[in-house]
Amino acid sequence: NNSNYNYTWSPATGLNTTTGATVICTPPGPGNFTYVVIGDDGACSNVDTITISVGTPTVAGTASTFQDTVCLGKTTDLILTGSTGFIQWQSLQGSTWVDETGPGFDSPSYTVTPTANVTFRAYVYSGSCPPDSSNIIDIIVLSISDPVTTNDSVCGGGSLTLLASGTGNLNWY
(Lines give C-alpha, C1' and ligand atoms only; values in the text may rest on other atoms or scores of the structure.)
Protein backbone atom coordinates (compact mmCIF):
# COMPACT_ATOMS: atom_id res chain seq x y z
CA ASN A 1 0.00 0.00 0.00
CA ASN A 2 1.91 2.99 -1.36
CA SER A 3 0.12 6.31 -1.88
CA ASN A 4 2.17 6.90 -5.05
CA TYR A 5 0.95 3.68 -6.63
CA ASN A 6 -2.13 3.10 -8.74
CA TYR A 7 -3.57 -0.37 -8.25
CA THR A 8 -5.42 -2.27 -10.96
CA TRP A 9 -7.20 -5.57 -10.28
CA SER A 10 -8.34 -8.25 -12.74
CA PRO A 11 -10.50 -10.03 -13.63
CA ALA A 12 -13.44 -7.86 -12.61
CA THR A 13 -15.65 -10.88 -11.81
CA GLY A 14 -16.78 -10.63 -8.21
CA LEU A 15 -14.96 -7.35 -7.48
CA ASN A 16 -16.75 -4.14 -6.42
CA THR A 17 -14.14 -2.13 -8.34
CA THR A 18 -11.00 -2.83 -10.36
CA THR A 19 -8.91 0.05 -9.00
CA GLY A 20 -7.59 1.01 -5.58
CA ALA A 21 -5.46 -0.51 -2.86
CA THR A 22 -8.51 -2.16 -1.30
CA VAL A 23 -11.29 -3.94 -3.16
CA ILE A 24 -14.18 -6.05 -1.95
CA CYS A 25 -14.31 -9.50 -3.48
CA THR A 26 -17.46 -11.62 -3.67
CA PRO A 27 -16.50 -14.76 -5.63
CA PRO A 28 -19.37 -16.05 -7.79
CA GLY A 29 -19.53 -19.57 -6.34
CA PRO A 30 -17.67 -22.71 -5.34
CA GLY A 31 -14.23 -23.12 -6.88
CA ASN A 32 -10.83 -21.45 -6.98
CA PHE A 33 -10.61 -17.83 -8.11
CA THR A 34 -7.31 -16.11 -8.88
CA TYR A 35 -7.05 -12.32 -8.97
CA VAL A 36 -4.11 -10.27 -10.24
CA VAL A 37 -3.15 -6.84 -8.88
CA ILE A 38 -0.71 -4.49 -10.58
CA GLY A 39 0.84 -1.68 -8.56
CA ASP A 40 2.25 1.12 -10.77
CA ASP A 41 3.79 4.48 -9.76
CA GLY A 42 4.53 5.59 -13.34
CA ALA A 43 8.17 4.54 -13.20
CA CYS A 44 8.01 1.06 -11.67
CA SER A 45 5.34 -1.58 -11.42
CA ASN A 46 4.90 -4.86 -9.62
CA VAL A 47 2.45 -7.73 -10.00
CA ASP A 48 1.01 -10.09 -7.42
CA THR A 49 -1.76 -12.68 -7.38
CA ILE A 50 -4.13 -14.04 -4.76
CA THR A 51 -6.15 -17.24 -5.03
CA ILE A 52 -9.39 -17.58 -3.11
CA SER A 53 -10.87 -21.02 -2.57
CA VAL A 54 -14.64 -21.04 -2.14
CA GLY A 55 -16.07 -24.30 -0.84
CA THR A 56 -19.57 -25.66 -1.18
CA PRO A 57 -21.57 -24.82 1.95
CA THR A 58 -21.89 -27.86 4.19
CA VAL A 59 -25.33 -29.38 4.66
CA ALA A 60 -25.58 -32.12 7.31
CA GLY A 61 -28.63 -33.86 5.90
CA THR A 62 -30.93 -36.25 7.74
CA ALA A 63 -29.79 -39.58 9.18
CA SER A 64 -32.21 -42.50 9.41
CA THR A 65 -32.33 -46.26 9.68
CA PHE A 66 -34.91 -48.85 8.70
CA GLN A 67 -34.31 -50.81 11.89
CA ASP A 68 -33.30 -49.11 15.14
CA THR A 69 -33.60 -52.32 17.17
CA VAL A 70 -31.51 -55.34 16.15
CA CYS A 71 -30.62 -58.71 17.61
CA LEU A 72 -27.02 -59.25 18.64
CA GLY A 73 -24.95 -60.23 15.59
CA LYS A 74 -27.37 -58.71 13.06
CA THR A 75 -26.82 -55.68 10.83
CA THR A 76 -28.70 -52.47 10.15
CA ASP A 77 -28.12 -49.71 7.62
CA LEU A 78 -27.59 -46.06 8.50
CA ILE A 79 -28.83 -43.78 5.70
CA LEU A 80 -27.95 -40.10 5.14
CA THR A 81 -30.08 -38.04 2.76
CA GLY A 82 -29.92 -34.39 1.70
CA SER A 83 -26.29 -33.81 2.68
CA THR A 84 -23.67 -31.72 0.88
CA GLY A 85 -20.01 -32.38 1.56
CA PHE A 86 -17.83 -35.27 2.63
CA ILE A 87 -19.37 -37.79 5.06
CA GLN A 88 -17.78 -39.35 8.14
CA TRP A 89 -20.02 -41.62 10.23
CA GLN A 90 -19.30 -41.40 13.95
CA SER A 91 -20.35 -43.31 17.06
CA LEU A 92 -20.64 -41.88 20.55
CA GLN A 93 -18.24 -43.53 22.99
CA GLY A 94 -18.79 -42.08 26.43
CA SER A 95 -18.92 -38.33 25.78
CA THR A 96 -16.66 -38.41 22.69
CA TRP A 97 -17.63 -38.80 19.03
CA VAL A 98 -15.30 -41.34 17.38
CA ASP A 99 -14.86 -41.76 13.61
CA GLU A 100 -16.12 -45.06 12.21
CA THR A 101 -13.66 -46.99 10.02
CA GLY A 102 -15.62 -49.91 8.57
CA PRO A 103 -16.48 -50.27 4.87
CA GLY A 104 -18.80 -47.42 3.86
CA PHE A 105 -17.90 -45.12 6.81
CA ASP A 106 -17.73 -42.24 4.31
CA SER A 107 -20.80 -43.01 2.18
CA PRO A 108 -24.51 -42.13 2.47
CA SER A 109 -25.31 -45.75 3.35
CA TYR A 110 -23.32 -47.39 6.14
CA THR A 111 -23.97 -50.95 7.35
CA VAL A 112 -23.23 -51.58 11.02
CA THR A 113 -23.23 -54.68 13.25
CA PRO A 114 -23.41 -53.24 16.76
CA THR A 115 -22.50 -55.40 19.75
CA ALA A 116 -24.17 -53.11 22.31
CA ASN A 117 -26.56 -50.15 22.34
CA VAL A 118 -24.91 -47.34 20.38
CA THR A 119 -25.56 -43.80 19.11
CA PHE A 120 -24.52 -42.72 15.60
CA ARG A 121 -24.40 -39.48 13.62
CA ALA A 122 -23.01 -38.30 10.29
CA TYR A 123 -20.32 -35.61 10.48
CA VAL A 124 -20.26 -33.65 7.20
CA TYR A 125 -17.50 -31.28 6.08
CA SER A 126 -16.68 -29.35 2.91
CA GLY A 127 -13.29 -27.76 2.36
CA SER A 128 -12.90 -24.52 4.28
CA CYS A 129 -16.61 -24.29 5.16
CA PRO A 130 -17.69 -25.05 8.74
CA PRO A 131 -18.64 -28.71 9.33
CA ASP A 132 -22.07 -29.81 10.47
CA SER A 133 -23.58 -32.93 12.06
CA SER A 134 -26.78 -34.77 11.31
CA ASN A 135 -29.37 -35.79 13.85
CA ILE A 136 -28.41 -38.76 16.03
CA ILE A 137 -29.65 -42.34 15.68
CA ASP A 138 -29.87 -44.64 18.68
CA ILE A 139 -29.53 -48.35 17.86
CA ILE A 140 -30.78 -50.79 20.51
CA VAL A 141 -29.16 -54.25 20.53
CA LEU A 142 -31.22 -57.11 21.91
CA SER A 143 -29.29 -59.98 23.42
CA ILE A 144 -31.42 -63.02 24.09
CA SER A 145 -29.65 -66.01 25.58
CA ASP A 146 -30.48 -69.59 24.59
CA PRO A 147 -33.08 -71.28 26.79
CA VAL A 148 -31.90 -73.87 29.31
CA THR A 149 -33.54 -77.28 29.21
CA THR A 150 -33.54 -80.14 31.70
CA ASN A 151 -33.06 -83.68 30.40
CA ASP A 152 -35.40 -86.44 31.59
CA SER A 153 -35.87 -90.08 30.78
CA VAL A 154 -38.70 -92.56 30.72
CA CYS A 155 -38.56 -96.34 30.71
CA GLY A 156 -41.06 -98.01 28.41
CA GLY A 157 -44.20 -95.97 27.81
CA GLY A 158 -45.44 -93.13 29.88
CA SER A 159 -45.25 -89.41 30.05
CA LEU A 160 -42.75 -86.99 31.42
CA THR A 161 -42.47 -83.24 31.91
CA LEU A 162 -40.12 -81.26 29.69
CA LEU A 163 -38.68 -78.18 31.41
CA ALA A 164 -37.10 -75.09 29.86
CA SER A 165 -36.26 -71.65 31.22
CA GLY A 166 -35.13 -68.44 29.57
CA THR A 167 -36.15 -64.93 28.55
CA GLY A 168 -38.84 -64.12 26.01
CA ASN A 169 -41.49 -66.53 24.74
CA LEU A 170 -40.48 -70.20 24.83
CA ASN A 171 -42.04 -72.49 22.22
CA TRP A 172 -41.57 -76.24 21.89
CA TYR A 173 -41.11 -77.87 18.48
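Only heavy atoms go into these numbers, but all of them, side chains included; no hydrogens, no water, no symmetry mates.
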(request) Go through the steps to decide whether Val23 and Asn16 satisfy the test side chain to side chain contact (heavy atoms under 4.5 Å, CB included), and finish with yes or no. (result) CA-CA 6 Å; Val23 297; Asn16 68 327; 3.8 Å; yes

(request) Please lay out, stage by stage, how Asn32 and Thr51 fare under the test side chain to side chain donor-acceptor pair (under 3.5 Å). (result) CA-CA 7 Å; Asn32 292 323; Thr51 300; over 6 Å; no

(request) Might you work through the side chain to side chain contact (heavy atoms under 4.5 Å, CB included) test for Phe86 and Val124, ending with a clear yes or no? (result) CA-CA 5 Å; Phe86 301 101; Val124 182; over 6 Å; no

(message) Apply side chain to side chain contact (heavy atoms under 4.5 Å, CB included) to residues Val47 and Val36 and explain how you reach the verdict.
(response) CA-CA 7 Å; Val47 177; Val36 178; 3.7 Å; yes

(request) Mind running side chain to side chain contact (heavy atoms under 4.5 Å, CB included) on Tyr125 and Asp132 for me, showing each step along the way? (result) CA-CA 7 Å; Tyr125 58 97; Asp132 200 0; over 6 Å; no

(request) Quick one: do Asp138 and Thr119 satisfy side chain to side chain donor-acceptor pair (under 3.5 Å)? Show the steps, please. (result) CA-CA 4 Å; Asp138 291 315; Thr119 299; 2.5 Å; yes

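When all heavy atoms of Ala122 and Ile87 are compared, the closest pair comes out as CB-CG2, 4.4 Å. The heavy-atom pair separating Val70 from Pro114 by the smallest distance is CG2-CG, 4.0 Å. Minimum heavy-atom separation, Val59 to Gly82: CG1-O, 3.3 Å. Taking each heavy atom of Ser134 and Ala60 in turn, the nearest pair found is N-CB, 3.7 Å. Between Pro28 and Thr13, the shortest heavy-atom contact is CG-CG2, 4.0 Å. Between Cys25 and Leu15, the closest heavy-atom pair is CB-CD2, 3.8 Å.
Looking only at side-chain heavy atoms (C-beta outward), Asp48 and Asn46 stay at 4.5 Å or farther from each other.
Following chains of ILVMFWY side-chain contacts shorter than 4.5 Å, one cannot reach Trp172 starting from Val148, and the two form parts of different hydrophobic clusters. Both Val141 and Val112 are part of a single hydrophobic cluster, where members link through side-chain heavy atoms under 4.5 Å apart. Follow the hydrophobic side-chain contacts under 4.5 Å out from Val54 and you reach Ile50 in the same cluster. A continuous path of Ile, Leu, Val, Met, Phe, Trp and Tyr side chains, each step under 4.5 Å between heavy atoms, connects Leu72 with Ile139, placing both in one hydrophobic cluster. Hydrophobic clustering keeps Phe105 apart from Tyr123 (ILVMFWY residues linked when any side-chain heavy atoms are closer than 4.5 Å, directly or through intermediates).
With rounding to the nearest 0.5 Å, the separation of CG in Leu78 from OG1 in Thr111 is 8.0 Å. Going from atom CD1 of Ile38 over to atom OG of Ser10 covers 6.0 Å, rounded to the nearest 0.5 Å. Rounded to the nearest 0.5 angstrom, Glu100 CD and Tyr110 OH are separated by 3.5 Å. Distance check: Thr17 OG1 to Trp9 CH2 gives 11.0 Å after rounding to the nearest 0.5 Å. Here OG1 of Thr34 is found 8.5 Å from CD1 of Ile52. Values are rounded to the nearest 0.5 Å. Summarising the geometry, atom CD1 belonging to Ile137 is positioned 9.5 Å from atom OG1 belonging to Thr62; distances are rounded to the nearest 0.5 Å.
Atom CD1 of Ile24 has 12 or fewer neighbouring heavy atoms from other residues, nucleotides or ligands inside a 6.0 Å radius. Heavy atoms of other residues, nucleotides or ligands lying less than 6.0 angstrom from CG of Leu142 number more than 12.
Remark: side-chain polar atoms of Asn135 are paired, donor with acceptor, to backbone N or O of Ala63 under 3.5 angstrom. Of the possible donor and acceptor atoms, none in the side chain of Trp89 sits under 3.5 Å from a partner among the backbone N and O of Gly102. The backbone N or O of Thr56 sits less than 3.5 Å from a side-chain atom of Ser126, completing a donor-acceptor pair.
Within the cation-pi definition used here (under 6.0 Å to the ring centroid, within 45° of the axis), Arg121 qualifies as a partner of Trp97.
A parallel orientation is assigned to the rings of Tyr5 and Tyr7, their planes being inclined by less than 30° (bins at 30° and 60°).
Within the structure, the side chain to side chain donor-acceptor pair (under 3.5 Å) test picks out the following pairs touching residues 64-74 (sequence neighbours left out): Thr65-Thr76.
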